[in-house]
Protein chains: 2
Amino acid sequence: MVAELKITPLRYVLAVVDHGGFHAASRYLHRTQPALSMAIRELENRLGEALFEKGAKATLTPYGSYCVPRFRELINQHDRLSRELQARAAKEAGQLDMAVVPSVASRLMPKLLSEFVSRYPGIKVGLHDGNADFVREQVISGQVDIGITSLWGLEEELLFHPLFHDEVGVVCRDDHPLAERQTLTWQALETESLIGNGTSRLLQGTAAKSLLEMHALYISNMISLTATLVAGMGVTTLPRLAFPQEYERLRFIELAEPRVSREVGLIRRKGASLSPAAQAMESFIIESLGAGQ
Amino acid sequence: MVAELKITPLRYVLAVVDHGGFHAASRYLHRTQPALSMAIRELENRLGEALFEKGAKATLTPYGSYCVPRFRELINQHDRLSRELQARAAKEAGQLDMAVVPSVASRLMPKLLSEFVSRYPGIKVGLHDGNADFVREQVISGQVDIGITSLWGLEEELLFHPLFHDEVGVVCRDDHPLAERQTLTWQALETESLIGNGTSRLLQGTAAKSLLEMHALYISNMISLTATLVAGMGVTTLPRLAFPQEYERLRFIELAEPRVSREVGLIRRKGASLSPAAQAMESFIIESLGAGQ
DNA sequence: CCCTATGATAAATTTCCCTTACCACTCTGA
DNA sequence: TCAGAGTGGTAAGGGAAATTTATCATAGGG
């Protein structure tokens with residue numbers, strides 16, 4: 001059975017000691033003098049021993065002298081903890097991990113992250129990239145706080161906040177016959193050597209689904225895919241954001257018929273709420289990408 | 001500005017976590033469930049962030065998971081301190097120093113101390129011996145908590161609690177002419193070679209005061225004094241307690257006219273109250289020596 | 001010697017915590 | 001499918017605890 005030492009009376013004792021009297025302390029604490037007298041006496045009763053000499057003005061007993069530094073230590077610990085937790089709640093510190101699809105990671109995250117860390121200097125961000133399945137897994141398993149990806153279907157245990165639509169188009173080398181076209185229909189691709197990739201399943205359920213069966217080649221790795229395209233070995237379909245702009249010889253042609261797009265958005269676990277830091281990131285991303293872009 | 005984290009709600013949070021639910025925790029804490037709900041919500045508001053998921057049964061938010069171990073740490077620290085201070089107040093632990101006159105130190109303290117430490121195993125005792133002036137100085141300066149000595153006069157800044165009277169008698173070798181006497185008067189000493197010692201001033205203000213002027217020899221050190229007496233070089237006066245029983249050849253003869261005695265007692269500073277440990281020692285000494293002995 | 005400082009005390013008041021009573025929701029087993 | 005027991009949340013009232021107001025006794029300083 002431990003007596004409950006409330007923090008406030010301990011603070012009173014320290015104030016009396018530091019200010020050299022009950023009246024001075026009461027002014028400092030914005031309390032009246034009897035409040036201190038009674039609170040401290042209550043504390044003394046609880047401890048079973050007087051802290052201040054009776055009849056002397058604010059003089060500590062030996063027991064009191066023993067207690068004061070320990071009170072101070074406990075209060076310091078308390079205040080440090082209180083400040084730390086509040087700061088963390090106020091998103092001034094913390095840590096978050098996110099999983100992001102490669103196209104977003106390479107094209108959007110650099111600018112986003114640099115702005116984020118300058119706005120929230122205390123927050124540590126871990127960025128993990130991988131394909132849509134990887135992102136989904138990471139979020140569901142709780143390995144990361146939030147993810148940015150496009151969903152293939154509705155997920156029971158995930159919340160999806162849409163950010164933007166990303167149009168699917170055809171990518172080919174600049175000397176390819178299709179390269180000069182402004183728009184394409186799926187029929188125009190029937191005779192092409194179409195290379196499949198991780199985003200190809202976006203075509204599922206659309207008028208262009210027959211193209212899926214044409215894949216002679218399937219390349220999931222982006223570097224390999226672009227190298228193959230640059231080598232002129234065929235064409236592929238990609239969302240615009242996934243189109244690697246840095247390759248001068250590659251062209252992106254919009255697919256007009258059917259219009260296919262993926263909806264890129266933010267995902268998080270349904271049951272669990274976000275940590276303050278992750279919440280800050282979520283709000284930041286929605287604010288940055290939700291409207292404009 | 002630091003928010004005041006009260007200990008009790010923190011305890012509630014831990015109970016809910018440890019017992020896996022508000023109801024289970026409320027049973028454990030002997031509180032009703034709404035009490036926990038409201039106290040914890042109050043705490044959440046204070047921190048600015050939820051600790052438990054809403055709509056889920058007692059599931060911690062990421063922020064909550066971060067907080068819980070820190071709450072536990074603070075509460076452990078609190079409880080440890082509370083127990084320690086209460087134990088100290090209950091005299092189960094602590095430390096005290098006392099200054100004692102040599103006769104008391106050698107004749108009474110050994111038995112007293114062995115009983116004391118067996119009754120209060122946690123208390124550390126420092127025992128310092130010296131003459132009455134030394135004891136007085138040590139107590140007044142606060143070097144020691146309490147002293148046992150006899151006072152020569154009333155002291156303004158000391159509290160004196162009498163313990164027992166110690167009769168002054170004459171000490172001589174067993175072959176001395178006075179050795180066979182049962183009692184003596186001061187006149188019988190006029191022709192003797194009287195050796196003075198630290199206790200001689202007890203005779204001041206008594207009928208035997210003329211003896212003080214007869215001192216040809218003054219020896220303050222007890223070992224030297226007894227050696228001198230054993231050598232048959234004279235007689236001296238000593239309180240009975242100061243008479244060294246271990247010397248077979250020395251005899252103690254009561255002084256009947258005048259009866260001189262010192263009043264041995266406990267002294268402590270008037271303004272300052274005692275530490276719990278010192279208080280325990282004081283009560284113990286009074287209990288042991290006040291009545292009997 | 002008055003005046004002002006100290007802290008202690010008593011009663012009134014405000015504040016806060018807890019309980020009782022009730023609701024909404026989810027899960028389980030018949 | 002539906003009753004029943006589990007979860008936790010909400011509202012209103014009571015009571016204890018903390019605080020204030022008012023007063024007192026005492027001690028030190030001009």
Side-chain angles (χ1 to χ4, degrees), chain A residues 3-47 49-61 63-64 68 71 75 156-157 269-273, chain B residues 3-47 49-61 63-65 68 75 82 156-157 270-273:
Chain A
E4 191 81 5
L5 304 182
K6 299 196 202 77
I7 298 292
T8 315
L10 302 191
R11 240 184 255 284
Y12 289 175
V13 171
L14 296 193
V16 169
V17 171
D18 293 342
H19 293 79
F22 283 67
H23 279 91
S26 73
R27 258 170 270 127
Y28 168 74
L29 293 164
H30 305 294
R31 291 282 119 87
T32 54
Q33 168 264 314
L36 307 198
S37 288
M38 296 161 66
I40 290 177
R41 178 131 41 80
E42 160 64 22
L43 173 62
E44 290 177 334
N45 289 340
R46 206 166 285 218
L47 288 170
E49 191 74 25
L51 296 167
F52 291 98
E53 297 289 357
K54 284 160 199 161
K57 41 181 173 183
T59 313
L60 285 168
T61 62
Y63 183 67
V68 161
F71 289 171
I75 287 186
E156 188 57 34
E157 56 248 279
R269 288 246 296 288
K270 190 171 278 176
S273 71
Chain B
E4 191 82 4
L5 304 182
K6 299 196 201 78
I7 299 292
T8 316
L10 302 190
R11 243 184 252 285
Y12 289 176
V13 171
L14 296 193
V16 170
V17 170
D18 292 343
H19 293 79
F22 282 66
H23 279 91
S26 73
R27 257 169 271 129
Y28 168 73
L29 293 164
H30 305 295
R31 292 282 119 88
T32 54
Q33 167 263 314
L36 307 198
S37 288
M38 298 193 307
I40 290 178
R41 178 133 43 80
E42 160 65 19
L43 174 62
E44 290 177 334
N45 289 339
R46 209 165 281 219
L47 289 170
E49 191 74 27
L51 296 167
F52 291 97
E53 297 290 354
K54 285 161 202 158
K57 39 181 171 182
T59 313
L60 284 168
T61 62
Y63 183 67
S65 311
V68 161
I75 287 185
S82 174
E156 187 57 35
E157 57 248 282
K270 191 172 275 176
S273 71

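To find a chain, count down the sequence lines: A is the first, B the second, and so on, and within it residues start at 1.
Mapping Ala24(B) and Met38(B) onto DNA chain D by nearest heavy atom places Ala24(B) at the nucleotide closer to the 5' end. Between Phe22(B) and Pro34(A), it is Phe22(B) whose nearest contact on DNA chain D lies nearer the 5' terminus.
With respect to the salt-bridge test (charged N to carboxylate O, under 4.0 angstrom), the residues Glu4(B) and Arg11(A) qualify.
Only one option out of Leu43(A), Ile7(A), Val17(A) pairs with Phe71(A) in a side chain to side chain contact (heavy atoms under 4.5 Å, CB included); it is Leu43(A).
The distance from atom CD of Glu4(B) to atom C1' of dA18(D) is 13 Å, rounded to the nearest whole Å. Rounded to an integer number of Å, the gap from CG of Leu29(B) to P of dG8(D) is 13 Å. If you take CZ of Arg11(A) and P of dT19(D), they are 13 Å apart, rounded to a whole angstrom. Rounded to an integer number of Å, the gap from Asn45(A) CG to dA18(D) P is 12 Å. Look at NZ on Lys54(B): it is 17 Å from P on dT26(C), rounded to the nearest Å. Separating the CG atom of Leu36(B) from the P atom of dC18(C) is a distance of 9 Å, rounded to the nearest angstrom. Distance CD (Glu44(B)) to P (dG8(D)): 13 Å, rounded to an integer number of Å. Taking atom CD of residue Gln33(A) and atom C1' of nucleotide dA10(C), one finds them 13 Å apart after rounding to whole Å.
Within the 4.0 Å cut-off from OP1 or OP2 of dT9(C), at least one side-chain nitrogen or oxygen of Arg41(A) is found. Regarding contacts with the backbone of dC17(C), every side-chain N or O of Tyr12(B) stays at 4.0 angstrom or more from both OP1 and OP2. In this model, the phosphate group of dG7(C) is approached by a side-chain N or O of His23(A) to a distance below 4.0 Å at OP1 or OP2. For dC18(C), neither phosphate oxygen OP1 nor OP2 lies less than 4.0 angstrom from any side-chain nitrogen or oxygen of Thr32(B). In this structure, Lys6(A) does not reach the dA17(D) phosphate: none of its side-chain N or O atoms is under 4.0 Å from OP1 or OP2.
A distance-only check finds no donor-acceptor pair linking the side chain of Thr61(A) to the backbone of Glu53(A) [under 3.5 Å].
Comparing dT20(D), dG8(D), dT19(C) by their closest approach to the side chain of Ser37(B) singles out dG8(D). Distances were taken from every side-chain heavy atom of Lys57(B) (C-beta onward) to each of dT10(D), dT7(D), dA18(D); the shortest belongs to dT7(D).
No contact: Phe52(A) has no heavy atom under 4.0 Å from any strand.
At a cut-off of 3.5 angstrom, counting only N and O atoms as typed in the model, there is no donor on one side facing an acceptor on the other between the side-chain of Glu42(A) and the base of dA18(D).
A ring-centre distance under 6.0 Å is not found for Phe22(B) and Tyr12(B).
The heavy-atom pair separating Ala58(B) from Gly21(B) by the smallest distance is CB-CA, 3.7 Å.
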